[in-house]
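To start, the structure itself, in structure tokens.
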Amino acid sequence: MGRRNDTHVSDFILLGLTDSEAVQRMLFTLFLLIYLMTLLGNAGMMLIIRLDLQLHTPMYFFLSHLSFLDLSYSTVITPRTLGNLLTSTKSISYMNCFTQTYFFIFLAATECFLLSSMAFDRRVAICNPLHYPVVMSTRSCCSLVFGSYFIGFMDSFVTVLCMSRLDFCDSNVIHHFFCDTSPILALSCTDIQSIEIVIFILAGSTLVASVTTIVVSYVSILSTILKITSTSGKQRAFSTCASHLLGVTVFYGTMTFTYLKPSKSYSLGRDQVASVFYTIVIPMLNPLIYSLRNKEVKNAFIRVLQKIVGSRQVK
């Protein structure tokens, strides 16, 4: 007979980032502005890519999904964080907590493999431009995106399934501003070693596999760029992947710092700062990185505005 989960808590308390009311109000204003910019930036990016035919290419197909993931990713975390900053009651039900954990892991893992797919796309575009239309066909792009979502789904499903078998008998206070894996594991009154190993293997495999793909792709890209004789050609080739490389560095830097270490080394202050960065700030930065450093997006934005103005004048 299977062991029945003997969870003694019906909800959790999210301790948050600070106890100071003044700091909470300041953080609420800051996070609200960041969230509004995240919504505007990512929704705007998806809209521009959809409306402008010149952006109907594999690179922008991936970028539209990246914007969707960032928009969803931020929405899973930020609204509840904003609500907790305004109220003294910071409780979250057992089911809602694990639902938040599930979608957080799902979207984060999916983004890892989507970023590696984007790196592969840039590698083919720069290293094998003649074969690019064949290799990065519509079917191939859809397969890469579907694979990213599927791996993210399996990663989060297994992780949350393992964590749902935990018992919580004593404290129900989560020392974090959202339901992350490490602070939840710290609350369990049962042996977490086997679950911790499973989570470490899943997170490690996701990061290592995606990072390896990105590193191999950019080594090939760098090797190809160095063979280009003209300076303008090198600059043009590098500019096509500079934005992606910057986004990858920021995202993986904070994710690796936070998750590829044992939960015993979890530090409340240090890890919360890193968590704020990749859950709230990075989803806002990505559309800025890919638009401000990209002339094609800027020109597409101008064309879309001209179409809107022109249609209104005709009416």
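Hydrogens, waters and symmetry mates are skipped; everything else that's a heavy atom, side chains included, is used.
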Inset, instruction - Determine which pairs satisfy salt bridge (charged side-chain N to carboxylate O under 4.0 Å, His left out) with at least one residue from residues 86-107, sequence neighbours left out, and list them in order. - result: none
Legend entry - side chain to side chain donor-acceptor pair (under 3.5 Å) against Thr206, all qualifying residues, sequence neighbours excluded: Asp155
Under 3.5 Å donor-acceptor pairs involving side-chain atoms of residues 39-49, not counting sequence neighbours:
{"unit_1": "Asn42", "atom_1": "ND2", "unit_2": "Thr38", "atom_2": "O", "d": "2.9"}
{"unit_1": "Asn42", "atom_1": "ND2", "unit_2": "Pro283", "atom_2": "O", "d": "2.9"}

Inset, instruction - Have a look at Phe177 and tell me which of Ile77, Asn84, Leu85 forms a side chain to side chain contact (heavy atoms under 4.5 Å, CB included) with it. - result: Ile77
N/O donor to acceptor pairs below 3.5 angstrom from side-chain atoms of residues 214-222, sequence neighbours left out:
{"unit_1": "Ser217", "atom_1": "OG", "unit_2": "Thr213", "atom_2": "O", "d": "2.7"}
{"unit_1": "Tyr218", "atom_1": "OH", "unit_2": "Cys241", "atom_2": "O", "d": "3.3"}
{"unit_1": "Tyr218", "atom_1": "OH", "unit_2": "His244", "atom_2": "ND1", "d": "2.6"}
{"unit_1": "Ser220", "atom_1": "OG", "unit_2": "Val216", "atom_2": "O", "d": "3.2"}

Inset, instruction - Only counting residues at least two apart or in another chain, list the ones meeting side chain to side chain contact (heavy atoms under 4.5 Å, CB included) with Leu33. - result: Thr29
Legend entry - Shared hydrophobic cluster for Phe251 and Phe120 (ILVMFWY, side-chain gaps under 4.5 Å): yes
Legend entry - Pairs meeting criterion salt bridge (charged side-chain N to carboxylate O under 4.0 Å, His left out) with involvement of residues 35-58, two or more places apart: Asp52-Arg303
Side chains of residues 101-115: which donor-acceptor pairs under 3.5 Å do they make with residues two or more places apart or in other chains?
{"unit_1": "Thr101", "atom_1": "OG1", "unit_2": "Cys97", "atom_2": "O", "d": "3.0"}
{"unit_1": "Thr101", "atom_1": "OG1", "unit_2": "Cys179", "atom_2": "O", "d": "2.7"}
{"unit_1": "Thr110", "atom_1": "OG1", "unit_2": "Phe106", "atom_2": "O", "d": "2.6"}

Legend entry - Sequence-distant partners of Thr18, side chain to side chain donor-acceptor pair (under 3.5 Å), two or more places apart: none
Inset, instruction - Only counting residues at least two apart or in another chain, list the ones meeting side chain to side chain donor-acceptor pair (under 3.5 Å) with Tyr60. - result: Asn294, Glu296
Legend entry - Sequence-distant partners of Pro79, side chain to side chain contact (heavy atoms under 4.5 Å, CB included), two or more places apart: Tyr35, Thr75
Legend entry - Distance-only side-chain donor-acceptor flag, Ser275 / Thr279, under 3.5 Å: no
Inset, instruction - Identify, with sequence neighbours excluded, every residue that meets disulfide (SG to SG under 2.5 Å) alongside Cys189. - result: Cys169
Inset, instruction - Go through the structure and list residues passing side chain to side chain donor-acceptor pair (under 3.5 Å) with Ser93, not counting sequence neighbours. - result: Asn96
